[in-house]
Student: 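One structure, pasted below without further comment.
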Amino acid sequence: MRKSKHIIAVVILIIISTVVLDALFLFMFQRPAQASTQATIIDNFTNIHFAVQAFLFSLIMVLVLYSVVVFRRKPGEEEEYGAHVEGNTALEITWTILPVIAVVIFGVYAIFILNEILAPQPDEIVVEVNARQWSWSFSYPELDNKVSDELVLLVNQPVVLEMQTEDVIHNFWVTEFRVKQDLLPGSMEVLRFTPTEVGDYRVRCAEICGLQHATMRAPVRVVDQATWDAFQAEMLAQPKIGDLTAVERGELWSQQFGCLGCHSVDGAPGAGPTWLGVYGREETLADGTTITVDDVYLHDSILDPNAVIVEGFNPNIMPANFADRFAEKEAEVMQAEGLEIGIVEDLIEYIKTLQEDTNAN
Amino acid sequence: MKTLKYWLISGYTKGLIGMAIFYALGFYLIQAMRNASGAEYDPNPGVMIGAIFSVIGFLLFAGVLTDWLKWIVGKRPPLKHGPPQGRPEWTRYINVDNNHKVIGIQYGITGLFVFLVGGLFALTFRLELSQPGMQFLTYKGYNTLFSAHGIVMIVSILLGVGAMSNYLVPLMVGASDMPFPRLNAFSYWVSIPPIVLVLAAMVVGGWDTGWVGYPTLSLRGAIGTQLFLLGFYLFGFSSIASSINIIATVAFMRAPGMSLFRMPIFVWGALSAALIQLTATQTVGISLLLSVMERSFGMTFFDPAAGGQPILYQHLFWFYSHPVVYVFVLPGLGVISELLPVFARKTLFGYKWIALSSLGIALVGFLVWAHHMFVSGMADSLRIPFMVTTLFVAIPTGVKFFSWVATLWEGKISFETPMLFVLGAISVFLIGGITGPILGTIPSDMPLHDSYWIVGHFHATMFGGFVFPYFAAIYYWYPKVTGRMYNEKLGKLHFWLMVPGFWVMSFGQMSAGIAGMRRRIADYDPALGVTGTQILITIAAFVIAWSVIIFVYNLIASARRAPMTNPNPWRSRAPEWQTASPVPELNYDETFEVVGGPYDYGKGTPAYVNMHPAAVPGD
């Protein structure tokens, strides 16, 4: 008789606790806005997890706390023992088999959800994502391969990101889209989603990638058709390389090659020395000697960044492969426009213009 | 004055001197060779050889290798056992000693010290994170601190596991010591130089890869990265050597009548953990060593620019680093199973199922490593099987939870500090457990991967599976080790501060994670709206820190209390409580015989062990 009373009490408590905890979890674990098809699917699936969590937590904790209260040792029972039960094979088999069944059902269900998230869409557009320590750039094959440092996407337009990294592992994560994917050196990784809400978001790198990992982010804009058309026009109207001056080209390269992730142009501190006023400045090097920054110094420092280090900065942070990457881009420009350019020279011309006084004017 | 003198001639001091000398020797030898061959300056090869030399120097000077060196020249020095001659007894704890209990305590105190250091790192960057923007740390300082926190805490947990396994396993199975006492001393002492190397890595350039050290980031980092990789690698020797002794003790040193299913249940946890340590540590070792060699000699294993494969590292790394989580928790869960019957005055429910579930967890633990790589770009043909195996971890873990609950049911439960910590451990490990499946299924893992949800999940697993049970174990066996009772009031205060503190911290971290907070970031976007949560987590962290200070004070202050009169304060059936406290040099004067079940609490049940009358003190 007493035994059944305990069991009825426990079952009622577990039910109440499950309902309360599930509500508590939904309150405690609030997610950012849902801004992609995938986000909705994932959140609904996650809600099932929350309910299961609430039930399992209640199941064990209600039994533990009920025992703590009801089966505590009362005064005068110091010498007494609990009920003598060594085990119950039927019970053990039950609580092994039932979870096995639950786990298999859950696993299979998760596979279906996964396939739904990853399924290629018929009319998706491709955006190439390039990451390096510690900046992002986005290139649009459908827009003449024009490069932007913000990711602009058309609402309800399925997109495939073809992602590559130039140095270490990074991870593409926009919280509102939910999905995330590592970028692996030496291979191209793909991420699919369909943005569903117009708005401003941020992509943040989610895999530790060195010094400025925390601030490796870029703006993401999901826009309506009209804004998208304007963006397309604007991108396509970007002048040809040949129409730009050396200084303008330098500014473009500084964005495309991610220089500005570490070198500010307004004097703000960063992983590398600011470019503001750097040309002609006298710098103290890590070995104590001083040097005046001129064309030769800038040229060498860009192509062989570890050769000399300015005091207060660290070696091995700036990629040492710019010579190759510049040569590649130069060949590309040559092929597209028949134009011979020097990216290092362009950058130096741009850096020369970054002086305090000229800014003041 | 005298005390200082003994410290100055202790194994630690001598070892550290030897370490410095041999490091310099190795480092400058390589530098000289490189200079002679006209190579460009690169500290990596020198640091690699210097670090390996330094471990040898430490062991040599500390006196760990003395007996073995004598064997080489044909001498047969007898095994030293017993208190030191002509010196106070306490000095055996700061010198090489072969007694498993001394080594267990050395592990324990070192582990606790390292735990406090790791905790201090955490408090430092926790304070930094309480507000967005950089407060008082630089990016580099932050990255080094969180990376060091990870590896230092892992080392401290492994030392804690070593403490429990070394002290308890021989005592519980009725052995006088471990089968290879010198190897046992080696396992402890070889763990010290790697700790020094990792701490040194923080000051010579730091490192920013986290404790996982993924290439290609690890191949580019400052020289601190190299020292960290080497320290981590060299620590593996301690794990492997120690596990051999534990397995051999269980296999060959059990008392008459102690079949495998009559061993105290903790031994099953320690055994399962040792089996993992023996078989998995090598793979992480090789992944770290390959990284070190790639840095030192330009051998290409992981850098794709030269034909390597960065994801290969992740596979090798997690093949150990996932199972090692079970090295942490299986002994802890063993403590829970060990203590519950004592305080519930009731038989352990389903002994065999609990024992085999430990082996089951160890086995399944080997088949799930790639769930750490669900967003790494692995093919779906790999992701899906690993998703299913991962979910299967829930089954043996569930068996443990259900059996614990059934043990409590209809018991006569009392709530001394060790029992409180056991119950706290169940609640915290449950939080860790139930927040796991959401990471195990790929769709729900996607938003949570590399977020603070993970941070909350594994801190709950580590605290529930190791830290809380470890505190329970320390309170429970403190009278056994010292012969004195700890202060119960302070113990309870420790508990009532730490449990709510931990619950808040854990759920706070998970809540921040689901809101979009990434892990391993020095600074966060105020736009995420997690600032309030961060303040809460920081406060909770400091509450936990205070409770740990109370704990440490309790341990130190209680050592001065009057000796205990009750030889068996918990009225336990276990053999270690049938001998004197502190335990005699060789544990039991004569081998006992097992005549009953270990947890057969009840009126008129036969005793677990039949001690030789001469072995019962005070009768």
Side-chain angles (χ1 to χ4, degrees), chain A residues 28-32 42 45-46 49 53 56-57 60-61 63-64 67-68 71-73 77 80-87 92 95-96 99-100 103 106-107 110-111 113-114 117 167-169 171 175 178-182 184-186 189 204 206-215 314 316, chain B residues 139-140 208-210 214 216-217 220 222 304 310-311 344-347 349-350 353 375-377 384 387-388 391-392 394-395 398-399 401-402 405 408-414 426-427 430 434 437-438 441-444 446-447 449-450 507 510-511 514-516 518 520-523 601-603:
Chain A
M28 264 198 306
F29 301 144
Q30 280 174 19
R31 285 153 287 196
I42 288 174
F45 183 63
T46 305
H49 268 294
Q53 280 180 11
L56 290 177
F57 194 77
I60 301 293
M61 279 323 281
L63 282 164
V64 168
S67 303
V68 162
F71 303 122
R72 69 180 185 281
R73 205 179 296 166
E77 291 185 339
E80 284 184 31
Y81 291 101
H84 196 87
V85 188
E86 287 191 4
E92 298 274 4
W95 65 46
T96 307
V100 169
V103 155
F106 219 71
I111 295 171
I113 299 285
L114 182 65
I117 294 170
D167 38 44
V168 303
I169 303 173
N171 182 302
T175 53
R178 300 293 186 274
V179 288
K180 62 162 76 80
Q181 176 61 48
D182 276 0
L184 211 57
E189 301 300 331
R204 300 182 180 91
E207 178 69 49
I208 176 74
C209 60
L211 191 69
Q212 294 188 45
H213 167 56
T215 52
N314 296 310
N316 297 317
Chain B
Y139 284 149
K140 191 172 153 180
D208 52 14
T209 62
Y214 279 0
T216 47
L217 184 59
R220 308 157 57 99
I311 212 154
R345 311 308 297 159
K346 195 165 166 281
T347 308
F349 191 94
W353 289 81
V375 301
S376 71
I384 286 169
M387 173 166 89
V388 177
L391 293 174
F392 267 91
I395 288 144
V399 167
F401 274 113
F402 292 128
V405 165
L408 285 171
W409 193 254
E410 295 191 319
K412 295 279 177 209
I413 309 166
S414 65
I426 294 177
S427 79
L430 187 62
I434 58 161
I438 200 168
T441 53
I442 302 163
S444 46
M446 279 182 167
H449 200 98
D450 277 322
F507 282 122
M510 290 184 220
S511 156
I514 214 156
R518 300 163 289 156
R520 297 177 175 142
I521 49 172
D523 193 13
Y601 289 96
K603 278 203 177 70

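Residue numbering restarts at 1 for every chain, and letters A, B, ... go by the order of the sequence lines.
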Student: At a heavy-atom distance under 4.5 Å, which candidate from B/Asp208, B/Ile426, B/Leu217 has the highest pair count against chain A?
Tutor: B/Leu217
Student: Among B/Phe401, B/Trp353, B/Phe402, find the residue that satisfies the ring-ring contact (aromatic ring centres under 6.0 Å, His included) test when tested with A/Trp95.
Tutor: B/Phe402
Student: Can you tell which of A/Glu86, A/Glu92, A/Gln212, A/Glu189 has the highest number of heavy-atom pairs within less than 4.5 Å of chain B?
Tutor: A/Glu92
Student: Verify, without hydrogens or angle tests, whether A/His84 (side chain) and B/Tyr601 (backbone) share a donor-acceptor contact under 3.5 angstrom.
Tutor: yes
Student: Look up atom CD1 in B/Ile434 and atom NE2 in A/His49, then write down how far apart they are to the nearest 0.5 Å.
Tutor: 12.0 Å
Student: In Å, rounded to the nearest 0.5 Å, how long is the span from CD of A/Gln30 to CD1 of B/Ile514?
Tutor: 10.0 Å
Student: If we only count heavy atoms from C-beta on, is the A/Val64 to B/Leu408 side-chain gap below 4.5 Å?
Tutor: yes
Student: Between atom CD1 of B/Ile442 and atom CD1 of A/Ile42, what is the distance when rounded to the nearest 0.5 Å?
Tutor: 11.0 Å
Student: To the nearest 0.5 angstrom, please state how far the CD atom of A/Glu80 sits from the NZ atom of B/Lys603.
Tutor: 5.0 Å
Student: Give the minimum heavy-atom separation between A/Pro32 and B/Ala515, together with the two atoms involved.
Tutor: CG-O, 3.5 Å
Student: Keeping the roles fixed (side chain from A/Lys180, backbone from B/Met446), state whether a donor-acceptor pair exists under 3.5 Å.
Tutor: yes
Student: At a heavy-atom separation under 4.5 Å, does B/Phe507 approach chain A through its side chain, its backbone, both, or neither?
Tutor: both
Student: By a 4.5 Å heavy-atom criterion (distance strictly below it), what part of B/Thr209 contacts chain A: side chain, backbone, both, or neither?
Tutor: backbone
Student: Between CG of A/Leu184 and OG1 of B/Thr216, what distance do you get to the nearest 0.5 Å?
Tutor: 8.5 Å
Student: Assess the residue pair A/Thr96 and B/Val399 against the criterion (side chain to side chain contact (heavy atoms under 4.5 Å, CB included)); give the C-alpha distance rounded to whole Å, side-chain angles, the decisive distance to 0.1 Å, and a yes or no.
Tutor: CA-CA 7 Å; A/Thr96 307; B/Val399 167; 3.7 Å; yes
Student: Can you tell if the side chain of B/Arg345 reaches within under 4.5 Å of the side chain of A/Glu77, non-hydrogen atoms only?
Tutor: no
Student: Given the options A/Leu63, A/Val168, A/Ile169, A/Val179, which has more heavy-atom pairs under 4.5 Å with chain B than any of the others?
Tutor: A/Val168
Student: Which bit of B/Pro310 comes within less than 4.5 Å of chain A, counting heavy atoms only: side chain, backbone, both or neither?
Tutor: side chain
Student: Could you tell me whether the side chain of A/Ile60 reaches within less than 4.5 Å of the side chain of B/Val405, counting heavy atoms only?
Tutor: yes
Student: Look at the side chain of B/Ser444 and the backbone N and O of A/Thr46, then say whether any donor-acceptor pair between them is shorter than 3.5 Å.
Tutor: no
Student: Looking at A/Thr175, A/Val103, A/Asp167, A/Leu56, which has the largest count of heavy-atom pairs under 4.5 Å with chain B?
Tutor: A/Val103
Student: On a heavy-atom basis, which atom in B/Val375 and which in A/Gln181 lie closest, and how many Å separate them?
Tutor: O-NE2, 3.2 Å
Student: Give, for atom CD of A/Glu207 and atom NE2 of B/His449, the distance between the pair rounded to the nearest 0.5 Å.
Tutor: 6.5 Å
Student: Which region of B/Ala522, side chain (C-beta onward) or backbone (N, CA, C, O), has a non-hydrogen atom less than 4.5 Å from a non-hydrogen atom of chain A, or is it both or neither?
Tutor: both
Student: Answer with side chain, backbone, both or neither: which region of A/Asn171 has an atom nearer than 4.5 Å to a non-hydrogen atom of chain B?
Tutor: side chain
Student: At a heavy-atom distance under 4.5 Å, which candidate from A/Gln53, A/Arg31, A/Arg178 has the highest pair count against chain B?
Tutor: A/Gln53
Student: Which atoms of B/Leu391 come close to chain A, meaning under 4.5 Å heavy atom to heavy atom: side chain ones, backbone ones, both, or neither?
Tutor: both
Student: Using every non-hydrogen atom in the two residues, find where B/Lys346 and A/Ala83 come nearest and quote the distance to one decimal.
Tutor: CG-O, 3.3 Å
Student: Of all of B/Ile521, B/Ile311, B/Thr441, B/Asp523, which one pairs up most often with chain A through heavy atoms under 4.5 Å apart?
Tutor: B/Thr441
Student: For A/Ile117, which atoms come within 4.5 Å of any heavy atom of chain B: side chain, backbone, both, or neither?
Tutor: side chain
Student: Determine whether B/Tyr139 and A/His213 make a side-chain contact, defined as any pair of heavy atoms from C-beta on separated by less than 4.5 Å.
Tutor: no
Student: Kindly give the heavy-atom pair with the smallest separation between B/Ser427 and A/Phe57, and that separation in Å.
Tutor: O-CE1, 4.1 Å
Student: At a 4.5 Å cut-off on heavy atoms, which part of B/Pro304 comes close to chain A: side chain, backbone, both, or neither?
Tutor: side chain
Student: Measuring only between side-chain heavy atoms, which start at C-beta, is B/Trp409 closer than 4.5 Å to A/Val85?
Tutor: no
Student: Heavy-atom cut-off 4.5 Å, strictly under: side chain, backbone, both or neither for B/Met387 against chain A?
Tutor: side chain
